[in-house]
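Let me begin by presenting the structure, written as structure tokens, before commenting on it.
Numbers restart at 1 for each chain; the letters A, B, ... are given by sequence-line order, proteins then strands.
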There are 2 protein chains.
Amino acid sequence: MAYERMRTHMDLNDRKKLILQAIIDEYIGSAEPVGSRAISKKHELGLSSATIRNEMADLEEMGYLIQPHTSAGRVPSDAGYRFYVNSLMKRYQLGVEAIERLRDELSGRLGILDKAVKRAGYLASALTDYTTVVSAPVSERVEIKKVDLVPVSEESVMLLIVTRTVRSRIIKTRLSFEKCEALAAILNAKLRDKTADEITFNTISDIEQEIIGRIDVEPKVLINVLHFVYESVSELDDTEIYVENAKSILQYPEYRDVDKAREIFSFLDDKSNLKRLISETGNEGINAKIGDENDSEILQDCSLVTVNYSLDGKAIGKLGVIGPKRMDYARVFASLDLISREIDRLLEYFSGNG
Amino acid sequence: MAYERMRTHMDLNDRKKLILQAIIDEYIGSAEPVGSRAISKKHELGLSSATIRNEMADLEEMGYLIQPHTSAGRVPSDAGYRFYVNSLMKRYQLGVEAIERLRDELSGRLGILDKAVKRAGYLASALTDYTTVVSAPVSERVEIKKVDLVPVSEESVMLLIVTRTVRSRIIKTRLSFEKCEALAAILNAKLRDKTADEITFNTISDIEQEIIGRIDVEPKVLINVLHFVYESVSELDDTEIYVENAKSILQYPEYRDVDKAREIFSFLDDKSNLKRLISETGNEGINAKIGDENDSEILQDCSLVTVNYSLDGKAIGKLGVIGPKRMDYARVFASLDLISREIDRLLEYFSGNG
DNA sequence: TGTTAGCACTCAACTAATATGAGTGCTAAC
DNA sequence: GTTAGCACTCATATTAGTTGAGTGCTAACA
């Protein structure tokens, strides 16, 4: 027992590392338990299957491999993947065309920021062929650039709040074009260049006082409008979350079971799950949660790799890739690295500091 | 043969209708071939299984039923469903609470029209538990209410086009706040209350002439801005399409086969498919396409039920439900009927004619 | 003439028995 | 330390046999 424990903590020698790497590489491709013969043949280690078998037995004892049953090959354990991700994984170089295309698609004829982020999620899913989750920028530092009221019918007015993006909502109220303009002017004077967290209920009360007497609006209407302004401003902080390419889950053999797939789909449909999920990941660089490192029961057989994107060196949103534990980590890491850097660049650009 | 053909065109007597209805009702619930004994027992027709068997044989001969194999029960054919939908189906009454909730959710704290429509799709999927496809209003008659230019950083300006909804895009260009305002004023004077199809390239040229000399902007910048204005206005016509609750597909036994499900997911992911699909449906009232009535290969085992929603009696968008052929048509028809009427009401309201 | 009981027949789906073969661990020889 | 060889294991595939739901047809009955 003492001996066993020693072994468990012993460092892997180079040959063991090579073999473990070969097994995981193999398994990532095949999703089938890997046998000693396959390794001995396909990977040129110059070792017989018997030798590999011995090493595999050791690796299993150390907790890096699992044997589903006596007469099957080996499958990486969570610890095996973890070791692979930390120490074994080869750098993956994305093709130049892929990088070029990415740049184009992200910055090209790109509309609004929300969409840039959504698009980044889409691109990550295209690059990796896994499902992606992306959270739109958290907006504590987002300044209000403009507020506007536009009558869109006789009985309704559209409230616009322009920050780095636009939010809009319809307010059911009768308000003439002129009164809208007058109201908007005051709102702008008071709200422009403020950030969402600077605007309190008091700010709104001030505005109310300002308006009363200066503009002739029914109190009921005014309260209605200001109510929505406040609500909309408060909502600026709401993190939007987008899921892209959920269907890719169905293509991996570990989810041939429809019920399992359905569980994940339901999980991905619930934004509150996703917000929690994505908020629980590391805040620096690229981060992987493998199998049981995920808190959520449903993701025990998945890995989640996330990256932060930032502005002025401060993380403001995350992009994550969800796939089977045997995902192609090297490729995913490379893709996320690239995309996050491109988003950073883009945000820098639009924020006017660049 | 002559006799057979006669039979095929013969009208169904009441008893046959009752039996066919019983079979389809049964099959909609179970997804398993329906046997004569089950009908004889569960539905109080006062007939023995032998009699039912005889009738079933007739119904099969007439093309309304199919026997998957000799020793199985009967399954409705496409023609069977068609007859059911046209003549047999019972009116379905949605619960009062469901209707109330729908009204609340649709009109309550509802933001913008795009979202109302998306929400309607969501509600339809919640009401029926099938996948829904909904196309946002086609905008030929949408008037431009306001155009605005807002600087959002030192190097970028946001272009806003407000119609019944808002579209926005970022233009990378240096433009001071004052110049933005001046430009916006001219754009508004020229574009307000025009519909997208009224604005041609000439309109834009006019505006260009107007601006040159009056406002001091670099020609390059001006051309850039006007280019985007034109492009954005042209894009107003783009039909947006939303799919809701695609995952519901996985819950029906006809899609236990992951590959089949995946096909459909891919199909639903491709907006061009959906646009074609939804444009090929009837333009009045509620419309069903059953099985092979769908042009698309992939939907041969599905039914698609659509309804138009309209403004001033003119259809401007569609809402569709996609599910297995044995879908609960009565429920789907009732749900779509209700929702489309509610949307009509809502649009009427916001358009200011109501 | 329409209805039904009864019976022989069919065939998908389940079960059990058997074969296959990929892969292992262990031993003994190199 | 490495490896050939062999006995052993066990998931998977194959086959044969059984079951039972459901049918069509016939003959008797109201």
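- The minimum heavy-atom distance linking A:Leu336 with A:Val321 is given by the pair CD2-CG2, 3.8 Å.
- Applying the 4.0 Å criterion to OP1 and OP2 of C:dG23, one finds that A:Arg74 has every side-chain N and O outside that range.
- B:Ala50 comes within 4.0 angstrom of a nucleotide base, judged by non-hydrogen atoms across all strands.
- Nearest-nucleotide assignment on DNA chain C puts the 5′-proximal partner with B:Gly46, out of B:Thr70 and B:Gly46.
- You'll find that the side chain of B:Met56 is closest to D:dT23, out of C:dC26, D:dT23, C:dA5.
- Across D:dT2, C:dT3, C:dC26, the shortest atom-to-atom separation from the side chain of A:Arg15 is found for D:dT2.
- Of all non-hydrogen atoms in A:Thr132 and A:Ala124, the two that sit nearest each other are CG2-CB, 3.7 Å.
- One can place NE2 of A:His69 at 16 Å from P of C:dG21, the figure rounded to the nearest angstrom.
- Within the structure, every side-chain polar atom (N or O) of A:Ser36 is placed at least 4.0 Å from both OP1 and OP2 of C:dG23.
- Rounding to whole angstrom units, CG of residue B:Asp58 and P of D:dC25 are separated by 11 Å.
- Spacing between atom CG of A:Leu45 and atom P of D:dT3 amounts to 11 Å, rounded to whole angstrom units.
- Remark: P of C:dA22 and CD1 of A:Ile39 are 16 Å apart, rounded to the nearest angstrom.
- Distance A:Glu32 CD to C:dT24 P: 14 Å, rounded to the nearest Å.
- Under the Watson-Crick or G-U wobble criterion, with both distances below 3.5 Å, C:dC9 is paired with D:dG22.
- We find that CD of A:Glu55 is positioned 12 Å from P of C:dG25, with the value rounded to whole Å.
- If you find the closest nucleotide of DNA chain C to B:Leu47 and to B:Ser71, the one lying nearer the 5' end belongs to B:Leu47.
- Between the side chains of B:Lys17 and B:Ser87, no donor-acceptor pair of N or O atoms lies under 3.5 Å.
- With C:dA12, D:dT23, D:dT3 as the candidates, the nucleotide lying closest to the side chain of B:Arg53 is D:dT23.
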B:Tyr84 and B:Tyr27: CA distance, side-chain angles, deciding distance, ring-ring contact (aromatic ring centres under 6.0 Å, His included) verdict: CA-CA 12 Å; B:Tyr84 177 85; B:Tyr27 187 71; over 10 Å; no
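- Rounded to an integer number of Å, the gap from CG of A:Asn54 to C1' of C:dA28 is 13 Å.
- Regarding A:Arg37, its CZ atom lies at a distance of 13 Å from the P atom of D:dG5, rounded to whole Å.
- Applying the Watson-Crick and G-U wobble criteria (two distances, each under 3.5 Å), C:dA28 pairs with D:dT3.
- Under the 30°/60° scheme for interplanar angles, the aromatic rings of A:Tyr130 and A:Tyr252 are found to lie parallel.
- Pairing of C:dG2, defined by two Watson-Crick or G-U wobble distances under 3.5 Å, is identified with D:dC29.
- Distances from the side chain of A:Ser48 to the nucleotides C:dA5, D:dA11, D:dA4 place D:dA4 closest.
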